[in-house]
Structures are given as structure tokens and as C-alpha cells.
Amino acid sequence: MNETVKTGVIGFPVDHSVSPTIHNHWIDEYQINTDRYKKINVDPKLFKEEVLRLKESGTLGLNVTVPLKELAFSFSEEQTEVAKQTGAVNTLTFKNGKVYGDNTDVIGFQRSLDKGTVENNITNKKCLVLGAGGAARAVVCALSNLGGEVFICNRTLEKALKIQKDLGIQSEVVEQENLSAVIGETSFIVNTTSLGLGDTENTTVDFTQVNSQVFVYDLIYNPKLTKFLSAAKERNLGYQNGMKMLIEQAAESFKIWHDILPKNSDKLMNIVEGL
Ligand code: NAP
């Protein structure tokens, strides 16, 4: 593949990414003088070779998605503090012959939250993170930045312990069997696992045990209402899906490359939800 790319998303697979819709919407809205934002599928084994080729051919920047974020971290020559903390890069920028790595998922998650949710459910409150993958790393950092008391629960205990060690953030790891001991005191529950995608269902939480003020967040945005969020809705709990996070992390990447922080809008949310 020898296509020229100014900005785009690289992943494996990347076919279902909605990032081009978001970025191209803003490229049009802000009349940025650049090419269309594109999708680049690359086998992880060929990642470095392809990114080097893109760098040499004048690419400005790339978003990096599953499963290449750790590779992108090791490939970048300079990383922001937040990228260093998470050990993952979702935004590569090529400037002055160098490769810079950033992680905009952290700020994306933070900006996706309403002020009231932060004040009432996160700051100085117990926040439960389900999962310990790449997205969980960003969410744990974000919740800690917002003053949350973080609890991490994952199917594979070792991965939760590894996050705790790698991030160096004050947090507690909860074994799945012991979840009922903390669930009733939790003010914020966020699903960062991929359970809820396709035919899978997230049954980690017994919603009969949660308190009535808890806010429930699912990073998944397609489907818009996972069964996990349906369970929260049925109990009249506050809830939200991952769409705003997706748009906010994209906005921060857009700012890094084009020096404009684009605005989210109902129009854009409707376009993306309609895909
Ligand atoms: P990842 O690194 O592959 O991590 C997947 C996580 O899901 C791990 O904690 C894994 O547990 C858990 N998991 C997978 N299958 C499971 C099962 N059958 N039972 C229990 N746990 C299971 O993926 P990621 O990059 O963190 O992404 C996770 C989710 O977040 C995806 O749905 C992704 O689309 C979404 N996401 C959304 C945004 C957004 O902007 N809205 C951004 C990033 C990611 P183990 O460790 O035990 O395997």
C-alpha cells in the first residue's frame, strides 16, 4: 500500500473505525487545507515499516487503534507525560523529522464527563473500573486526575495488578469474587472491557447491589445502549456510553495536528450514531 496520507487512523483491523467521519466533518467545518482523513489497515508485524514510509511521504499525524497502541509508544521518539504514564500512544505526530507520541484517551474521557457527574460521583468518591486493558489505563489515569478513589476489577487479576504497578496511581485491585463487598459503596462504575460488543454480555455487576446515586459509564458506543447500560437505565441511574469520549479524544488529536480544538455538537453525534 503506497497511498499518501496527511492524517488518518492506523489499526488492525480498522475497517469499522468512525474516526474518518469525525475528522473529515471537522476538516470541512473548519475549512482545513488538508487531504481527507483516511483508514490504514496494517499487520502489526509491518507497523514500523509502514509508519516510517508514511513519515517519509509527508504524513502529519496518525491515530493509532487496537492492537497497535503499545507498539506506537515504543516507536515514538518523544512521548508526553500522559503517554509515558499509560504506556500507550493513540496519537502520532511527525514534526521536524521526529515522531511524537501522545495519548488523548485520558483527556477524552475527562472531557466526556459532565461537571455534575465529576462533582457528585467521582471526586473523593469510590470509582470502580471494570477491565484492565489499554482503555482501562487511560480511564484509571483520568479518574485519578479528577480526584477519584480508584478500584480496579478484571477477569485476569494479574493484569489489574500490572496496571496498578505500571501507573503508580493510588488504587485498589478487587478480585471478581469480592466485588459485592465494594459495589454498594461505589459512586461511579465504568466498563472498559470489550464485553457488550457483538454477542457478548457484561454481567460482572449485580445491579441489585448498587446504590441509587451511582453513575454508570460504558466505553462501548456501538451498540448505543449496551445491556449493561440498559440495566442502569431500568433502575433510573445516571448513565452514558463511549460516544462523547470517542469524539473528545479525536478533538484533542485534531488540535495537536491542526492547532484548532474543534467542538462536539449534536449534529456530529447524530451523524456518528447513524453510521
Ligand atoms: P483490550 O486492551 O483488548 O482490553 C480488553 C479488556 O476486556 C480486558 O480487561 C479483558 O480482560 C476484558 N475482556 C475481554 N473479553 C472478556 C470476557 N469474555 N470476560 C471478561 N473480560 C473480558 O481493549 P481496550 O483497548 O482496552 O478496549 C476495551 C473497550 O473499550 C473496547 O470495547 C473498545 O472499543 C472501547 N474503547 C472505547 C473508547 C472510546 O473512545 N469510547 C476508547 C478506547 C476503547 P482480560 O484482561 O481478562 O483479558
Side-chain angles (χ1 to χ4, degrees), residues 9-19 21-23 44 63-73 82-83 86-91 102-113 128-143 150-167 171 173-177 179 189-205 216-229 239-254 264 268-269 272-273 275:
V9 55
I10 189 161
F12 188 71
V14 81
D15 312 277
H16 298 295
S17 171
V18 298
S19 293
T21 305
I22 300 171
H23 279 266
N63 282 129
V64 183
T65 187
V66 183
L68 305 170
K69 292 183 188 181
E70 284 80 17
L71 263 179
F73 177 85
V82 63
T86 55
V89 157
N90 78 335
T91 306
D102 204 341
N103 187 324
T104 67
D105 282 335
V106 179
I107 192 82
F109 181 74
Q110 283 182 218
R111 286 204 193 122
S112 75
L113 296 159
L128 175 64
V129 178
L130 302 173
R137 286 174 177 257
V139 168
V140 168
C141 287
L143 290 172
V150 181
F151 291 74
I152 309 167
C153 179
N154 190 47
R155 174 181 62 176
T156 312
L157 182 68
E158 293 71 31
K159 276 179 74 181
L161 292 167
K162 186 160 180 355
I163 282 206
Q164 193 184 35
K165 184 167 168 271
D166 290 353
L167 298 186
S171 56
V173 169
V174 188
E175 294 190 37
Q176 268 187 338
E177 310 80 88
L179 205 50
I189 303 174
V190 50
N191 173 47
T192 76
T193 76
S194 42
L195 281 173
L197 288 175
D199 293 334
T200 60
E201 196 180 329
N202 187 351
T203 54
T204 330
V205 169
V216 183
Y217 195 124
D218 198 334
L219 256 57
I220 294 173
Y221 49 85
N222 185 14
K224 199 171 154 182
L225 193 69
T226 54
K227 294 220 172 95
F228 186 71
L229 288 188
Y239 68 91
Q240 92 178 62
N241 68 21
M243 181 62 74
K244 273 195 186 166
M245 176 182 173
L246 180 79
I247 292 176
E248 293 297 346
Q249 61 77 30
E252 191 61 23
S253 298
F254 193 92
N264 190 2
L268 178 58
M269 298 268 283
V272 180
E273 277 170 7
L275 290 174

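Numbering of ligands and ligand atoms starts at 1, following listing order.
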Enquirer: Verify side-chain contact (heavy atoms from CB on, under 4.5 Å) between C141 and L167, making sure each step is shown before the conclusion.
Expert: CA-CA 8 Å; C141 287; L167 298 186; 4.1 Å; yes
Enquirer: For Q164 and I152, indicate whether the former's side chain and the latter's backbone hold a donor-acceptor pair under 3.5 Å.
Expert: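 No, Q164 side chain to I152 backbone: no donor-acceptor pair under 3.5 Å.
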Enquirer: Strictly by modelled atom types, are S19 and N63 linked by a side-chain donor-acceptor pair under 3.5 Å?
Expert: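 There is no such pair (donor and acceptor under 3.5 Å, judged by atom type) between the side chains of S19 and N63.
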Enquirer: Tell me every residue that passes side chain to side chain donor-acceptor pair (under 3.5 Å) with N90, counting only those two or more places apart in sequence or in another chain.
Expert: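 Applying side chain to side chain donor-acceptor pair (under 3.5 Å) to N90 gives T104, D105, Q249.
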Enquirer: Any side-chain to backbone donor/acceptor pair from N103 onto V82? Under 3.5 Å, distance only.
Expert: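 Pair absent, no side-chain N/O of N103 close to backbone of V82.
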Enquirer: Write down the atom of M243, the atom of M269, and the distance for their closest heavy-atom approach.
Expert: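 Minimum heavy-atom separation between M243 and M269: CG-SD, 3.8 Å.
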Enquirer: Sort out the contact shell of ligand 1: every protein residue with a heavy-atom distance below 4.0 Å, listed by chain and number.
Expert: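 Ligand 1 pocket, heavy atoms under 4.0 Å: V66, G131, A132, G133, G134, A135, N154, R155, T156, K159, T192, T193, S194, L195, L197, L219, I220, Y221, G242, M245, L246.
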